[in-house]
Structures are given as C-alpha cells and as structure tokens.
Amino acid sequence: MKVLVINAGSSSLKYQLLNMETEAVMVNGIVERIGEEVGSLTYKANPDTDAEKKIVKKEPIADHKVGMHMVLDLITGEEAGVISDPKEIDAIGHRVVQGGEAFTSACIVDDSVKAAIADNNPLAPLHNPANLMGIDVAEELFPGTPNVAVFDTEFHSSMPEKAFLYALPYDLYKELRIRRYGFHGTSHKYVSRKVAECMGKKPEEINVVTVHLGNGCSMAAVEKGKCVDTSMGMTPLAGVMMGTRSGDIDPAIVAYIAENKNMSVAEVDTLLNKQSGLKGICQLNDMRDIHAAVDEGNEKAKLAVDMFAYRVKKTIGAYAAVLGNVDAIVFTAGIGENDDIARAEICQNLSGLGIEMDMDKNAGRKGEPHAVHTDASKVQVWVIPTNEELQIAQEAVELLK
Ligand code: ADP
C-alpha cells in the first residue's frame, strides 16, 4: 500500500508519500506561504537516500488546491516522479489537531466526520479549519481514494476525568467543552509503542513517561499503553516551557498583565504564545542558538535552559507519582532527540526515582532509537526519533484492512 500523509496548516501543507510495504518514504516536502505574493514548494523524492532528488519552486501559490496540484504533478512527473498514476495511492492520511470528545480513534472521512471535525473548530480555530481544507482538497484531487483522519488529541482520550477536568465550575465543561485534551498524541503514541518494541515488551506491559520536546513541548504519562495524563491542556499553550510559549503560569497573571500593560486579553494571549517560553527569557527560541549563547557567557540563555530542564524534570516527578512505577522515559522531537545537554540536565539527580543516565551513552546524536541509561538504572531512558507521518500512515492502513 502507498499512503499519502497530509498536514495542512493555514498557509502551509506538509506532505509525505510512504510505501507501507517497506515503510520507506517515497516523497516528502512542504508547500509554504500559500496565498502570499511568492509561495514556495519543496519536494524531495527518495529523501535521505543516494537517489534523492530535490526540487524547489518559488512562485505564487494561490491556495491549497493549487499547491497540492503542483505536488501531484511532481509525484507523477518525469523529472523526479515516483509513481505514474495518482490512483496508485491507496489512502490519504490527514493530521487533524482537535478531535475533541467526538474522536477517540482515527477514522475514515465521510460527511458526518467532516461535520464533527468542523464542530471542534471553536476549540482549535487556527488548526481545524486548515486541516479540513486539506481533506477537501484531497477529496477533489483524488476522487475515490479513502481519506483517513488521525487526531492529535486521540491518544489522550483515555485520560480519566480526574486528570482531564479543570477545577472550574463543572457547567463550563459541559457548556464550553473546557477540559484538558492534550496534543502531540500521534508522537506520544508512536514513541510509547516504539520503546516497548525496543525493550522487547508489549505496550500493555510497561509504564512510560514520554517527553516530546520540539518547538512545542509536551509530556505524557502512559500506563500499560494508555495515556493517563498529559501536560498540554485545552490548548497547546499549557504544560512545560516551550520555544515561545509560556507553558503553565498562574492564571491570575493574565488579568494582571492586561490591566497593568493596558493590553486586551487577546494581546496577552499572543504574548503567552509568541513572546514567552525560552524566547521570553533570553530572546532566543532555537535551542541550538541558546546553547551557542550559553557558550559565549550569556547568562539569560543559561537561565532559560535551566528553567526549561527544571520544568521537564518536575513533570517527570509528577508522572512518576501518577504511574506509581515507571519502566521507561522516552525523549523525542527536535530537542529531545538531538540535545544531549538538555537531556542530561533534565535527568540530573533523579537517582531517587531510579533514573540514572549514562552520560557517555547520552552524548551526541544517533538518529535512531538508543538507550542512554546506566546498567544499574531501574528506569530505562531512551532517545527515540518520532515519526508522526509513519504513525498516521499505519493507522490508515489498519483502518482500511
Ligand atoms: P516542531 O515542534 O516544529 O516539529 P522540532 O521537533 O523540529 O519542532 O524541534 C525544533 C527544536 O529542536 C528547536 O528548538 C531546535 O533548536 C531543536 N533542535 C534541533 N536540532 C538540535 C540540536 N542538534 N541540538 C539542540 N536542539 C536542536
């Protein structure tokens, strides 16, 4: 089976074509600045192999349909095509951000599914409408090919009420659907299963704390294969500290800033989403730049890393309490996979919890799953590259079986 995975944003569209017999990536790329004066398209056939062919185009791309059409022309084209007919694509998997309470698993898209996704638009106004647009474009360009929706929230739908409810008037949960949903679910699911495989266990046999540290950061407590708590909340602003997002703060701060800085609530919301986190502390939000600044003696950059690591460490402690017994901790995503300094700082002084990192094994980057704990460590610590596209494609294949 060949599965095309689409992640449509408001002005971008990431895509990947996978051969599910081998799980090889046939094509990947991104269409960006859709609707702007000059758009850009990046296309890679057989990426990361000797046969890689890359094409970059800079031209106006009016809308998502035009962008997807350009991609399709390249996929089936002479220059760097990998198939000859769009009908060779067996399914299209879509990343959908907010599934709300309606979706506890991936599903094949039909009109009622689209309506239910649209019903969640108020909970993810920047994302769900764009994801729906991606589905509409796929339906138009690939008539007859099944579309599968995979939700960022789905893996977290197993959380118990005590974990997903906020201590707010209960009616607000029913009236406005205010509750913790959690995000990055596809990634947490993928790495929690992968670590079980690496440990020679079934997901149902182990408890795992998954630590996804990218531009957005989130963590999950996974008990016997099921998520029982996660750090992001009703929106992806909550939880640990992120590149530009504050993570958890005292909620009273919102009103205090609004009043004292003469800002609207919407402006404060932007400040918490775009000007906070690592960037708020040291003006930089890319961890690589921050480490370079630390090396140059930038104290704010050092403080930002310390705060970042401290909050992740605290949440590991919280999830150790939630799970009672932890078998493994998994680091994933841009920072989790690549940043040995951050990982080391997070895992420092955790031997009381049975977590002992082997600093030699932790050093450097591998690009494949590897263990970084000492032989004596009660809890295993793993670094596992996430693969949300593969997880989405696997779910599409499962559903269509
Ligand atoms: P996104 O959430 O957008 O998918 P990524 O998972 O790609 O983001 O993560 C981006 C983050 O990963 C950035 O903060 C970047 O600095 C960090 N990162 C990538 N490579 C490295 C590296 N070698 N060392 C430290 N941080 C890295």
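Just the heavy atoms: all of them, side chains too, but no hydrogens, waters or symmetry mates, feed the values below. All ligand and atom numbering here is 1-based and tracks the order in the structure. The shown structure was predicted, so the numbers you read here are calculated from the model rather than taken from an experiment.
Of the protein's non-hydrogen atoms, Gly334 CA, 4.2 Å is the one closest to atom 7 (O) of ligand 1. Nearest protein heavy-atom neighbour of atom 26 (N) of ligand 1: Met287 CB, 3.6 Å. Nearest protein heavy-atom neighbour of atom 13 (C) of ligand 1: Asn215 OD1, 3.9 Å. Nearest protein neighbour of atom 22 (C) of ligand 1, counting heavy atoms only, is Asn338 CB, 3.3 Å. Among all non-hydrogen protein atoms, the one lying nearest atom 16 (O) of ligand 1 is Asp286 OD1, 2.4 Å.
At under 3.5 Å, a nitrogen or oxygen of Ile335, whether backbone or side chain, sits near a nitrogen or oxygen of ligand 1.
A salt bridge does not link Glu388 to Lys14: none of the charged nitrogens lies less than 4.0 Å from a carboxylate oxygen. Ion pair Asp375/Lys361 flagged as a salt bridge, since at least one NZ, NE, NH1 or NH2 atom sits closer than 4.0 Å to an Asp/Glu carboxylate oxygen. Between Lys378 and Asp327, no side-chain nitrogen of the basic residue sits less than 4.0 Å from a carboxylate oxygen of the acidic one, so the salt-bridge criterion is not met. Using a 4.0 Å cut-off between charged nitrogen and carboxylate oxygen, Arg365 and Asp340 do not count as a salt-bridge pair.
A 6.0 Å sphere centred on OH of Tyr166 holds more than 12 heavy atoms belonging to other residues, nucleotides or ligands. Other residues, nucleotides and ligands place more than 12 heavy atoms under 6.0 Å from the CG atom of Asn260.
Ligand 1 is never approached by Gly243 to a heavy-atom distance shorter than 4.0 Å. No heavy atom of Glu337 sits closer than 4.0 Å to any atom of ligand 1.
There is a protein heavy atom closer than 4.0 angstrom to atom 24 (N) of ligand 1.
With a 6.0 Å cutoff to the six-membered ring centre and a 45° limit on the axis angle, Arg311 does not count as a cation-pi contact of Phe308.
Defined by atom type and a distance below 3.5 Å, a donor-acceptor pair is missing between the side-chain atoms of His64 and Asp136.
Of all the atoms in ligand 1, the ones that sit under 4.0 Å from a non-hydrogen atom of Gly216 are 2 (O). Atoms of ligand 1 found under 4.0 Å from any heavy atom of Asp339 (numbered from 1 in listed order, with element): 25 (C).
Evaluated by nearest non-hydrogen atom to atom 19 (C) of ligand 1, the leading choice among Arg288, Glu388, His291 is Arg288.
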